[in-house]
Amino acid sequence: MREEPLNLEELQLFKRRDFLLKGMLALPFSAFLWRLWDLQIKQGEKYQELSKGNRIRINSVAAPRGVIYDRNGVILSKNIPNYNLTLVQEDCPDVEAVFHQLALTLRIPLSAMQAALKKHKSTRQFKPVIIYTDLTWYQMALVSAYQEEFPGVSVEVEPRR
């Protein structure tokens with residue numbers, strides 16, 4: 001069976017369909033390229049800044065010890081939460097300003113926090129350093145509620161007997 005060559009009308013129809021098909025494929029591809037350009041070039045700095053604070057940290061948490069009872073069921077020893085104020089220096093742009101703000105807000109001595117930080121001067125920047133121990137429940141609640149005001153500062157709970 002022999003195929004006949006396309007006449008002019010069929011050739012124009014074929015070219016129109018080809019153009020439409022290529023246009024339909026090019027439209028989503030160009031939208032995809034536009035979005036990539038928008039995210040990487042136009043808004044690249046914004047997303048780079050957001051990614052700096054997006055890190056994974058592995059923190060070890062001590063397991064709470066059990067309650068000790070005597071033979072009559074009276075509690076001899078139990079755990080009490082102890083709240084410690086910790087600082088990650090890498091997350092804190094201005095340590096002195098944060099210390100002054102903490103001293104004013106929590107009414108704790110500034111010198112105690114500075115001495116604790118000097119004591120751990122050789123500790124890596126991303127490791128949390130305990131800068132104050134034995135916070136009251138109210139002080140812990142203040143730091144937790146206003147976390148944005150104290151960058152790099154967090155409260156760590158450890159059990160105490």
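The model shown is predicted, which means the values in this text are computed figures rather than measured ones.
Checking side-chain atoms of E149 against main-chain N and O of L102 turns up no donor-acceptor pair under 3.5 Å. Panel note: side chain T86, backbone S154; a donor-acceptor pair is recorded below 3.5 Å. In this structure, D70 contributes its side chain and N72 its backbone to a donor-acceptor pair below 3.5 Å.
Between A116 and V129, the shortest heavy-atom contact is O-CG1, 4.3 Å. Here the shortest heavy-atom pairing between V98 and C92 reads CG2-SG, 3.5 Å.
Between Q139 and Y83 the shortest side-chain heavy-atom distance does not fall below 4.5 Å. Inter-residue side-chain proximity for P93 and P151 is flagged as met; some heavy-atom pair is nearer than 4.5 Å. Counting heavy atoms from C-beta outward, L8 and Q12 have side chains that approach closer than 4.5 Å. Taking the side chain as every heavy atom from C-beta outward, L106 and L142 approach each other to under 4.5 Å.
Going from atom CG of L117 over to atom NE2 of H120 covers 8.5 Å, rounded to the nearest 0.5 Å. The CG atom of L87 sits 5.0 Å away from the CD1 atom of I131 when rounded to the nearest 0.5 Å. Note that CH2 of W34 and NZ of K42 are 5.5 Å apart. Values are rounded to the nearest 0.5 Å. Between L110 atom CG and F99 atom CZ the span is 8.0 Å, to the nearest 0.5 Å.
Checking T133, N79, D134 one by one against R160, the side-chain hydrogen bond (donor to acceptor under 3.5 Å, both in side chains) holds for a single residue, D134.
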